[in-house]
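Only one structure is covered here, and it is reproduced in the block below.
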Amino acid sequence: MPTNSIDSLLRETRRFAPAEDFSSNSVTPPDIYDRAAEDRVGFWADTARELLHWHSPFTETLDWSNPPFAKWFADGSINVAYNCLDRHVIAGNGDRVALYWEGENGDTARITYAELTGEVKKAANLLTSLGVQQGDRVAIYLPVIPEAVIAMLAVARIGAVHSVVFGGFSSESLRSRIDDASAKLVITADGGWRKGKVFPLKAAVDGALANGTSTVEHVLVVQRGHNDVEWTEGRDLWWHDEIVAMDADHEAQGFEAENPLFILYTSGTTGKPKGILHTSGGYLTQVAFTHKHVFDLHPETDVYWCTADVGWITGHSYVVYGPLANGATQVLYEGTPDTPHQGRWWEIVQKYGVTIFYTAPTAIRSFMKIGRQIPQQFDLSSLRLLGSVGEPINPEAWIWYRDIIGGGETPIVDTWWQTETGAIMISALPGLTTLKPGSAQVPIPGIKIDILGEDGTRVDPPHGGLLVVSEPWPSMLRGIWNDPDRFIETYWSKFSTPEKYKYFAGDGAHVDTDGDIVLLGRVDDVMNVSGHRLSTQEIESALVSHPIVAEAAVVGAEDEATGQAVVAFVIIKSNQQDAQTATEASALLRQHVSEQIGAIARPRQVFIVAELPKTRSGKIMRRLLQDVAEGREIGDTTTLADTSVMQIISDKLK
Ligand code: WTA
């Protein structure tokens with residue numbers, strides 16, 4: 001199995017202490033854990049002052065008087081974009097490259113901090129001229145191009161709130177996100193490059209706005225794909241036409257530290273994605289802190305590359321806000337790892353001399369499958385640190401990553417965190433920690449993690465339990481957009497007093513005999529497919545929205561390449577059963593999910609079945625379906641209303 005199993009991890013004995021020259025040159029002081037432990041809240045106050053520029057200083061660090069609604073640095077004011085841009089220019093680093101952009105089709109751009117600051121100032125003026133004000137929501141639906149970064153920072157600069165929607169999401173998913181946030185403006189592109197082709201984005205926006213009831217006043221369109229687009233006069237504007245007329249001067253104003261910065265939708269256990277809300281001062285403090293120490297960032301010399309799309313939280317925190325707040329030089333890449341050839345990523349590492357590389361285990365596993373001969377054609381000797389995020393990285397992949405990509409020498413940081421946590425929560429610090437494959441290891445300084453049983457009592461090592469964050473942290477989500485009840489219910493209602501206000505992450509974990517935290521996957525109905533979060537219920541809703549479907553059940557089945565894969569079991573309505581063969585119905589429904597949610601949610605398999613396994617109270621037993629999907633012996637069926645159902649299903653699928 002590609003993800004962690006306790007057995008294989010218990011046998012994992014390899015340890016990698018930091019190399020002496022790495023430690024002695026590390027940006028992280030050896031006493032950092034002690035300092036944070038002595039005065040946790042004071043540590044975050046010092047960090048916020050040290051790493052960020054405050055327009056007006058804060059006097060109060062944490063207000064936790066009304067849990068679970070936290071306020072950090074509340075009486076201070078800050079401008080997030082100023083911290084990512086202007087101050088680096090003022091400090092004399094305007095000529096430093098901020099972005100080396102690689103388009104998938106071979107287009108490139110090299111953008112310094114001075115240039116990026118200038119572009120964001122113009123874009124901020126453009127947003128203001130379109131009537132966008134502090135607190136207004138702007139939806140961003142773009143490929144990974146410099147304008148995505150510029151747009152996010154311009155929104156932040158004027159105190160508005162962005163909601164970035166991953167370009168792979170369907171028109172339907174985009175519409176629900178635009179509507180939920182009541183966005184005033186959408187920023188998109190004609191199209192972007194992916195797998196050697198232009199994929200249309202503007203058309204999806206047109207579809208999302210087609211019913212005419214939306215709050216969107218304008219659609220700003222970046223020209224990227226040069227594909228044909230339809231145009232709604234008065235509503236649609238070309239970015240390049242508008243931006244040229246804008247003043248290059250724009251003064252950044254301070255906003256209160258709790259001013260909302262962005263909403264990012266993510267899958268939960270119910271059908272409807274939730275809008276995770278992050279605010280300014282605390283978020284920026286923790287992303288800057290973790291980006292500096294987890295990646296041992298030396299901004300003068302490092303070239304950093306995080307492969308995430310800006311549409312995910314990793315792109316927000318470790319492509320846009322963390323690296324730019326720290327004045328890093330980074331690579332931004334638009335496309336897929338294997339276009340136009342399987343060595344594309346490694347060619348980019350070689351071309352720019354990338355020193356720090358951050359990606360997901362699913363990518364590593366697919367490179368492993370292709371073989372070492374591809375990366376070995378490139379000079380990867382510039383790499384000095386590797387990172388992993390999104391799902392557990394199994395020891396085999398960890399070792400391969402270190403040996404083949406890292407030349408057998410680079411440390412690897414396995415970073416655990418979530419859209420909700422905003423920033424890295426559990427990770428080694430490479431200058432200090434002895435690394436161990438298969439474990440995310442330890443909470444970062446200033447973060448308190450516990451493993452609890454279902455009843456809220458602490459579980460003793462090495463037993464498994466539920467991962468909780470026991471104390472509020474600066475970059476924690478501040479709520480779910482428009483839904484405070486769901487916020488409380490999802491994250492803060494698992495345990496009763498006195499453990500009530502411990503944050504329930506939804507992950508299982510255990511602490512091993514070395515005191516390291518080992519993640520064991522989700523304990524809820526959230527799947528992790530290629531490091532992307534998907535909800536079983538959301539996909540079930542998409543399936544039953546098709547007229548031929550009577551009932552559907554979805555499970556996440558182990559998959560060697562993607563960690564988990566979506567497998568669906570569907571009952572076709574009786575009057576539809578003769579209309580097509582099972583193979584046709586299955587193909588049709590896979591496509592339908594892709595249209596409803598996006599290609600990432602397309603099931604690997606759709607099995608057409610006559611019955612679903614249900615308990616006497618009517619609850620579908622997904623566990624049994626998972627056994628079938630994973631080709632295992634079927635587990636205990638005694639609680640089923642009809643115990644023969646599973647036999648019928650598995651016989652049929654054989
Ligand atoms: C999983 C991505 C094990 C976990 C930043 C979490 C991980 C979910 C790791 C959040 C890791 C992320 N080891 N599991 N290093 N990193 N996860 O919101 O289940 O897209 O709850 O944030 O990914 O996914 P999200």
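Position 1 is the first residue of the sequence, and the numbers go up from there.
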Do you know the tightest heavy-atom contact between T362 and A561? OG1-O, 2.9 Å
With a 3.5 Å cut-off and sequence neighbours excluded, list the donor-acceptor pairs that the side chains of residues 168-177 form with protein atoms.
from: S170; atom 1: OG; to: E172; atom 2: N; distance (Å): 3.4
from: S170; atom 1: OG; to: S173; atom 2: N; distance (Å): 3.2
from: S170; atom 1: OG; to: S173; atom 2: OG; distance (Å): 3.3
from: S170; atom 1: OG; to: E595; atom 2: O; distance (Å): 3.0
from: S170; atom 1: OG; to: Q596; atom 2: O; distance (Å): 2.8
from: S170; atom 1: OG; to: I597; atom 2: O; distance (Å): 3.4
from: S171; atom 1: OG; to: A204; atom 2: O; distance (Å): 2.8
from: S171; atom 1: OG; to: A208; atom 2: N; distance (Å): 3.1
from: E172; atom 1: OE2; to: R175; atom 2: NH2; distance (Å): 2.4
from: S173; atom 1: OG; to: Q596; atom 2: O; distance (Å): 3.3
from: S173; atom 1: OG; to: I597; atom 2: O; distance (Å): 2.9
from: R175; atom 1: NH1; to: D179; atom 2: OD2; distance (Å): 3.3
from: S176; atom 1: OG; to: S173; atom 2: O; distance (Å): 3.1
from: R177; atom 1: NH1; to: S173; atom 2: O; distance (Å): 3.2

When rounded to the nearest 0.5 angstrom, what distance separates CD in Q626 from CD in Q564? 7.0 Å
Could you walk me through whether T314 and Y358 pass the side-chain hydrogen bond (donor to acceptor under 3.5 Å, both in side chains) test, one step at a time? CA-CA 10 Å; T314 309; Y358 191 30; 5.6 Å; no
Are the side chain of D512 and the backbone N or O of G515 linked by a donor-acceptor pair below 3.5 Å? yes
Taking atom CZ of F16 and atom OG1 of T410, what is their separation to the nearest 0.5 Å? 10.0 Å
S439 and D516: which non-hydrogen atoms are nearest, and at how many Å? OG-CB, 3.4 Å
K369/E560 ion pair, N-O < 4.0 Å: no
Please confirm whether the backbone N or O of A363 pairs with a side-chain atom of S366, one donor and one acceptor, at under 3.5 Å? yes
Residues in ring-ring contact (aromatic ring centres under 6.0 Å, His included) with H293, at least two apart? F289
Apply side-chain contact (heavy atoms from CB on, under 4.5 Å) to Y265 and V165, showing your working. CA-CA 8 Å; Y265 287 84; V165 180; 5.7 Å; no
Say you draw a straight line from CD1 of I572 to CG of L588; how long is it, rounded to the nearest 0.5 Å? 8.5 Å
Please enumerate all residues that pass salt bridge (Lys or Arg N to Asp or Glu O under 4.0 Å) together with E538, with sequence neighbours excluded. none
Among residues at least two apart in sequence or on other chains, which ones pass salt bridge (Lys or Arg N to Asp or Glu O under 4.0 Å) with E454? K494
Can you name the closest pair of heavy atoms from A582 and I608 and give their distance? O-CG1, 3.8 Å
Looking at I374, is its backbone amide N or carbonyl O close enough to the side chain of Q342 to form a donor-acceptor pair, meaning the two atoms are under 3.5 Å apart? no
Short question: side chain of S535, backbone of Q537 - any donor-acceptor pair under 3.5 Å? yes
Salt-bridge criterion met for D636 and R623 (N-O under 4.0 Å): no
Roughly how far apart are L386 CG and R402 CZ, rounded to 0.5 Å? 9.0 Å
Working to the nearest 0.5 Å, report the span between CD1 of I412 and CG of D414. 9.0 Å
In terms of heavy-atom contacts, I356 and V354 come closest through O-CG1, 3.3 Å
Within residues 419-430 or reaching into it, pairs that qualify as salt bridge (charged side-chain N to carboxylate O under 4.0 Å, His left out) - sequence neighbours excluded: K274-E420, E420-R533
Is the backbone of V567 close enough, under 3.5 Å, to the side chain of R604 for a donor and an acceptor to pair up by distance? no
Looking only at heavy atoms, which two atoms of S267 and V526 are closest? And how far apart? O-CG2, 4.2 Å
Is the closest side-chain heavy-atom distance between E104 and P143 below 4.5 Å? no
Note, P443 side chain near I517 side chain (heavy atom, < 4.5 Å): yes
With rounding to the nearest 0.5 Å, note down the distance linking OG1 in T434 to CG in D514. 9.5 Å
Give the C-alpha distance, both sets of side-chain angles, the deciding distance and a yes or no for side-chain contact (heavy atoms from CB on, under 4.5 Å) between Y283 and S317. CA-CA 9 Å; Y283 171 79; S317 302; 2.7 Å; yes
Assess the residue pair Y321 and M152 against the criterion (side-chain contact (heavy atoms from CB on, under 4.5 Å)); give the C-alpha distance rounded to whole Å, side-chain angles, the decisive distance to 0.1 Å, and a yes or no. CA-CA 10 Å; Y321 293 112; M152 289 165 75; 4.1 Å; yes
Just to verify, what does F495 make a ring-ring contact (aromatic ring centres under 6.0 Å, His included) with, not counting sequence neighbours? none
W346: partners by ring-ring contact (aromatic ring centres under 6.0 Å, His included), with sequence neighbours left out: F357, F367
Is any NZ, NE, NH1 or NH2 atom of the basic residue among D450 and K448 found under 4.0 Å from an Asp or Glu carboxylate oxygen of the other? yes
So, the side chain of Y318 versus the backbone of A308: is there a donor-acceptor pair under 3.5 Å, distance only? no
Applying side-chain contact (heavy atoms from CB on, under 4.5 Å), run through S382 and V349 and close with a yes or a no. CA-CA 8 Å; S382 56; V349 169; 4.2 Å; yes
For T421 and W417, work out which heavy atoms get closest and say how close. OG1-CB, 3.3 Å
Which pairs with one or both residues in residues 624-635 pass salt bridge (charged side-chain N to carboxylate O under 4.0 Å, His left out), sequence neighbours excluded? D627-R632, E630-R632
Do any N or O atoms from the side chain of Q286 and from the backbone of I424 form a donor-acceptor pair under 3.5 angstrom? yes
Sidechain-backbone polar pair: T355 side chain, V303 backbone, donor-acceptor under 3.5 Å: yes
Output all residues satisfying salt bridge (Lys or Arg N to Asp or Glu O under 4.0 Å) with K272, sequence neighbours left out; order by chain, then residue number. D180
Is there side-chain contact between I313 and T266, with heavy atoms separated by less than 4.5 Å? no
Can a donor-acceptor pair be found, under 3.5 Å and without considering hydrogens, that links the side chain of T615 to the backbone of L640? no
Going by the angle between their ring planes, with limits at 30° and 60°, are F607 and F569 parallel, tilted or perpendicular? tilted
Taking only residues two or more places apart in sequence or in another chain, which ones pass side-chain contact (heavy atoms from CB on, under 4.5 Å) with D403? I399
Please identify each residue that fulfils ring-ring contact (aromatic ring centres under 6.0 Å, His included) with Y491, with sequence neighbours left out. Y503
If you count the non-hydrogen atoms of other residues, nucleotides and ligands that lie under 6.0 Å from CD in E409, is the total more than 12? no
Scan for salt bridge (charged side-chain N to carboxylate O under 4.0 Å, His left out) pairs involving residues 304-320, sequence neighbours excluded, and state none if there are none. none
Can a side-chain donor-acceptor contact be found between R602 and Q591 if the only test is distance below 3.5 angstrom? yes
Under a 3.5 Å distance rule, please check whether E334 uses its side chain to pair with a backbone N or O of I145 as donor and acceptor. no
Flag for H316-T419: side-chain donor and acceptor within less than 3.5 Å: no
